[in-house]
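The chains referred to below are lettered A, B, ... by the order of the sequence lines, with proteins before strands, and numbering in each begins at 1.
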Amino acid sequence: MGNVVAMILAGGQGTRLGVLTEKIAKPAVPFGGKYRLIDFTLSNCVNSGIYRVGVLTQYRPHVLAKHIGIGRPWDLDRKDGGVEILPPYVGRNESDWYKGTANAVYQNLEFLEENNAELVLVLSGDHVYAMNYNDLIDYHLSKGADGTIACMEVPLEEASRFGIMITDVEGRIVDFEEKPAKPRSNLASLGIYVFNYEFLKEVLIEDDTDSTSSHDFGKDVIPRILKENKGSLYAFRFDGYWRDVGTLRSYWETNLELLLPIPPFNLYDPNWKFFTHSEEMPPAYVSSEAKTITALISEGAEIYGEVSNSVIFQGVKIGKGTTVRNSVIMTKTEIGENCYLENVIIAENVKVGNNVKIGVGEDAGSKLNPKIYTGLLTVVGMNSEIPDNMVIGKNCVIGVGVSSTDFKTQHLESGDYVLAKGE
Amino acid sequence: MRVLGLILAGGKSDKLWPLTKVRASAAVPVFGKYRAIDFTLSNMVNSGIKKVGILTQYNPRSLMDHLGSGKEWDLDRKSGGLFILQPYVGPNKEVWYRGTADAIFQNMTILRRGEEDHVLIGSGDHIYKMIYRDMFNYHLRKNADVTLLVKELDETYNLREYGIVQIDQDMRVIEIEEKPSHPKGNVAFLGVYFMNKELLKELLYATVPQGKYDLLLDVIIPNLDRLKVFAYRFDGYWRNVKKGIHEYYRINMDILKKDIRDELFYRNGKVYTKLKDLPPPKFTSTTTVENSLIADGSIISGTVKNSVIFRNVRIKVGAVVENSIIMENTVVEEGAVLRNVIVDKNCIIREGRIIEGDRQIPVFEKRAVL
């Protein structure tokens with residue numbers, strides 16, 4: 001096996017996650033009680049024995065950079081290799097922001113060169129999955145391919161959301177369709193690629209000179225390789241669990257899937273641990289008045305109320321007489337007494353007063369952005385404050401850093417929203 | 001604060017048997033994810049002490065494994081950091097530590113080297129949270145030779161188990177009686193010494209070669225007249241984990257009280273411990289949990305009341321755990337019932353087993369299968 005360098009694309013804004021990604025990049029979005037999305041890809045790398053990792057950041061990289069640090073939680077604080085954050089920079093040709101996924105890797109060819117890359121793994125920093133990349137690499141080498149794309153069979157009716165591969169009997173990709181209206185196959189790209197370095201370098205340099213290209217792997221580079229028959233691309237079939245939590249609905253569902261009696265995604269596998277940088281906190285405390293069923297309740301949480309079918313992150317406090325159902329409550333959020341919360345996502349550091357109801361009443365379309373806010377969920381952005389006695393309906397949005405005084409009424413109708421002053 | 005920290009962690013502690021069969025008392029697991037030594041070590045780090053020596057002797061493997069390079073306490077440093085001071089055979093054939101003074105004497109190099117002016121000596125098996133800065137300032141203000149940490153103990157402590165201290169109006173220590181059968185007061189020495197480093201060296205040279213090996217009995221007490229020994233009062237929660245199984249049990253149950261939890265976990269800095277990278281605990285659809293601490297990696301499907309559940313424990317459907325301490329990796333199978341028991345790491349409680357303690361708290365040793 002040649003020298004493998006992983007390039008994790010972590011610049012994504014993740015606009016469809018609405019207020020959750022207003023201040024942080026999508027790979028930094030908290031998930032599963034104590035993790036951030038990028039932890040899964042980073043952990044897959046080190047569990048696969050890959051200790052040379054570049055993280056390509058762009059959109060709001062601060063939280064992400066702080067989270068990764070020198071890579072210590074993933075054992076990536078190495079003398080040789082390790083993890084390096086690769087932000088966009090101004091170079092000789094004034095190349096500035098990453099124009100697309102392919103351009104991001106192109107701008108860091110020097111990093112790959114320095115690390116003597118023979119094989120390059122191109123990964124996304126915002127997927128939830130466990131994959132041994134060695135299986136992908138072994139397949140790639142056994143086929144003598146120039147590039148290999150990890151694919152998964154998806155239900156045909158969902159195939160039009162993905163990049164779809166059409167392969168021959170050998171598994172060689174003969175055609176590719178990005179989000180086709182009438183898919184000819186159900187083999188979807190997972191955005192996980194392995195390339196021979198020299199081959200990748202060549203196609204990326206060529207792509208850079210093409211002014212019509214948007215410099216994206218899925219949209220431009222892969223179709224061009226196939227169309228111009230530049231090299232052999234193979235599809236590697238992955239049959240494990242893989243989720244792109246791109247929408248609020250899928251984010252919420254994927255979190256709650258962890259609570260199934262036999263979850264499709266196993267955080268508890270001792271042979272495939274997920275590592276993260278998390279705060280040092282004591283074990284979770286559950287009081288005598290509390291009721292906790294079907295829930296993940298992380299360290300530092302103190303539960304005095306009722307929690308069911310929910311994921312509770314580190315340091316969350318839930319007051320007496322409060323009920324939390326079908327919800328995701330992120331780090332250090334405090335919920336007062338006698339509240340009722342159903343189908344909500346609350347981001348980090350939120351203060352919810354006493355006697356507050358969230359997620360109640362009839363459903364209604366979002367007045368803020370019906371494309372993003374759908375499906376009965378009410379979302380509260382980080383660092384917000386919800387005053388005592390508020391009643392907030394379904395499909396509502398409370399923005400980032402909203403203060404109690406931003407609420408004009410005691411009752412927020414379903415579909416309504418409150419944003420911080422000046423936003 | 002240029003202070004060298006020394007933690008006495010060599011204790012065997014027969015009173016905690018069988019928990020100390022496989023580990024030093026400083027390495028005894030407490031509160032779901034910690035070991036006793038985490039408290040004193042975190043106190044030192046939170047006080048800004050950058051160099052800490054750990055004096056080990058009895059069964060140090062699990063302690064060493066726990067401490068590692070000192071990374072979790074930010075003590076993996078280029079200068080200073082964590083030093084494990086084990087007994088060794090040298091040209092003078094020094095071997096086992098014959099007492100606390102002897103242990104420090106045999107490691108005189110750590111006192112000789114380094115630019116610290118003061119030494120803070122603590123114990124690896126005490127549970128309390130404290131920033132030592134005020135005590136240090138007090139030590140300087142009093143122009144003391146030695147400052148001892150003391151506390152007025154209430155009736156929940158057996159005074160005959162502690163060093164009872166007599167102090168005058170000026171807080172000067174005039175008498176210390178170690179484990180007196182008839183205690184004359186309730187002010188006890190908490191095993192924490194602040195001393196000038198040079199003075200400690202002198203005292204050790206003057207006593208250890210004479211065959212006197214205990215820091216308190218042979219070094220401090222006989223010199224009370226000559227030295228300015230002051231007491232510094234501590235009012236917070238303080239318990240010594242090695243006083244016995246009942247005390248160990250009580251300490252773990254104490255953490256279920258909100259005020260004690262707030263004091264030990266959230267005041268005066270954090271408590272640091274070795275990380276395990278485990279997912280959040282999972283509560284399934286058949287769970288009942290009341291007044292309990294549940295650590296990472298555990299999956300609870302049964303009933304847990306008034307208990308401390310360590311990391312990676314499985315409590316299966318229909319199992320009941322009450323008033324108990326269940327350590328890491330233990331599995332309580334379907335329908336088993338545990339009341340008032342302590343179960344060490346990696347045990348298996350078989351299906352349907354019923355074990356109830358009363359005034360005697362049964363302790364099941366590591367890897368027991370019941």
Side-chain angles (χ1 to χ4, degrees), chain A residues 31-35 39 43 46-47 72-75 77 255 258-263 265-270 273-304 307-316 331, chain B residues 30-34 38 42 45 71-74 76 255-258 260-262 264-266 269-301 304-314 317 328-329:
Chain A
F31 181 87
K34 67 185 288 191
Y35 306 96
D39 291 337
S43 300
V46 298
N47 286 337
R72 199 146 123 164
W74 303 270
D75 226 349
D77 52 333
N255 267 287
L258 299 170
L259 303 169
L260 294 172
I262 299 168
F265 185 60
N266 187 9
L267 291 173
Y268 298 82
D269 182 354
K273 279 192 180 184
F274 294 105
F275 306 96
T276 185
H277 165 81
S278 67
E279 261 189 73
E280 181 69 64
M281 289 199 189
Y285 173 76
V286 177
S287 85
S288 343
E289 309 95 330
K291 227 179 177 175
T292 45
I293 54 165
T294 323
L296 292 192
I297 298 179
S298 303
E299 292 195 322
E302 300 237 336
I303 313 293
Y304 297 91
V307 177
S308 62
N309 203 40
S310 297
V311 175
I312 308 295
F313 280 67
Q314 289 193 316
V316 168
T331 313
Chain B
V30 290
F31 306 149
K33 67 180 287 196
Y34 304 98
D38 291 339
S42 299
V45 170
K71 189 157 145 172
E72 321 291 358
W73 297 268
D74 238 342
D76 54 334
I255 207 67
L256 301 177
K257 296 174 192 147
K258 182 162 175 44
I260 294 174
R261 212 163 52 240
D262 284 349
L264 288 182
F265 289 159
Y266 299 111
K270 291 185 176 182
V271 192
Y272 298 95
T273 190
K274 187 184 174 186
L275 279 175
K276 282 281 168 79
D277 293 300
L278 292 165
K282 183 170 173 177
F283 299 68
T284 74
S285 60
T286 52
T287 311
T288 306
V289 177
E290 287 178 20
N291 190 37
S292 298
L293 212 59
I294 315 281
D296 266 7
S298 291
I299 300 180
I300 313 290
S301 302
V304 176
K305 288 182 183 169
N306 309 323
S307 297
V308 175
I309 309 297
F310 280 68
R311 296 192 274 208
N312 237 350
V313 167
R314 299 285 178 273
V317 182
E328 218 166 296
N329 295 326

- prompt: Between B:Arg261, B:Lys305, B:Lys33, which has the largest tally of heavy atom pairs under 4.5 Å with chain A?
  reply: B:Arg261
task: Please report the shortest heavy-atom distance between B:Ser42 and B:Asp38, naming the atom on each side.
output: OG-O, 2.6 Å
message: Tell me the closest heavy-atom pair linking B:Thr273 and B:Trp73, and the distance in Å.
response: CA-CZ2, 3.8 Å
query: Which residues pass the side-chain contact (heavy atoms from CB on, under 4.5 Å) test with A:Asn309, sequence neighbours left out?
result: A:Leu256, A:Leu259, A:Thr294, A:Asn326
message: Under a 4.5 Å cutoff for heavy-atom pairs, which residue among A:Leu296, A:Leu267, A:Ile297 has the most contacts with chain B?
response: A:Ile297
query: Side chain, backbone, both or neither: which part of B:Tyr34 has an atom under 4.5 Å from a heavy atom of chain A?
result: side chain
field: Leading residue by heavy atom contact count with chain B [cutoff under 4.5 Å; candidates A:Lys34, A:Glu279, A:Gln314, A:Lys273]
entry: A:Lys34
Test: B:Arg311 and A:Glu299 ion pair at under 4.0 Å: no
- prompt: Where does A:Ser308 contact chain B at under 4.5 Å (heavy atoms): side chain, backbone, both or neither?
  reply: neither
message: Taking side chain as everything from C-beta outward and backbone as N, CA, C, O, which of these in A:Glu289 sits under 4.5 Å from a heavy atom of chain B? Side chain, backbone, both or neither.
response: neither
message: Taking side chain as everything from C-beta outward and backbone as N, CA, C, O, which of these in B:Ile300 sits under 4.5 Å from a heavy atom of chain A? Side chain, backbone, both or neither.
response: neither
message: At a heavy-atom distance under 4.5 Å, which candidate from A:Pro282, A:Gly33, A:Ser298 has the highest pair count against chain B?
response: A:Pro282
- line: Per-residue tally against chain A (heavy atom, under 4.5 Å) across B:Lys282, B:Glu290, B:Lys270 peaks at B:Lys282
field: Under 4.5 Å from a heavy atom of chain A, the part of B:Thr284 involved
entry: backbone
field: Check: B:Ser301 side chain, B:Val317 main-chain N or O, donor-acceptor pair, under 3.5 Å
entry: no
- prompt: So what's closer than 4.5 Å to chain B heavy atoms on A:Leu260: side chain, backbone, both or neither?
  reply: backbone
message: If I measure from the heavy atoms of chain B, does A:Leu258 come under 4.5 Å with its side chain, its backbone, both, or neither?
response: backbone
- request: Could you look at B:Lys258 and say if it's the side chain, the backbone, both or neither that has a heavy atom under 4.5 Å from chain A?
  value: side chain
- request: Please flag which part of A:Phe313 lies under 4.5 Å from any non-hydrogen atom of chain B: side chain, backbone, both or neither.
  value: neither
query: Which is it for A:Phe274 and A:Phe265 under the ring pair (Phe, Tyr, Trp, His ring centres under 6.0 Å) test, yes or no, and what are the steps along the way?
result: CA-CA 12 Å; A:Phe274 294 105; A:Phe265 185 60; 5.3 Å; yes
message: Is any side-chain heavy atom of A:Phe275 closer than 4.5 Å to one of A:Asn47?
response: yes
message: What part of B:Ser298 gets within 4.5 angstrom of chain A, counting heavy atoms only: side chain, backbone, both, or neither?
response: backbone
- request: Flag the pair A:Trp74 / A:Asp39 as yes when at least one side-chain heavy-atom distance between them is below 4.5 Å, and no otherwise.
  value: yes
message: Ignoring hydrogens, what is the shortest heavy-atom contact between B:Asp296 and B:Pro280? Give both atom names and the distance.
response: OD1-CA, 3.7 Å
message: With heavy-atom distances below 4.5 Å as the criterion, would you say the side chains of B:Ile255 and B:Phe265 are in contact?
response: yes
query: In terms of heavy-atom pairs under 4.5 Å with chain B, which of A:Ser287, A:Pro73, A:Pro270 leads?
result: A:Ser287
- prompt: Given the options B:Asn306, B:Leu256, B:Leu275, which has more heavy-atom pairs under 4.5 Å with chain A than any of the others?
  reply: B:Leu256
- prompt: Do the non-hydrogen side-chain atoms of B:Val271 and B:Phe31 ever get within less than 4.5 Å of each other?
  reply: no
field: Heavy-atom pairs under 4.5 Å with chain B, option from A:Ala290, A:Gly32, A:Ala301, A:Ser288 with the top count
entry: A:Ser288
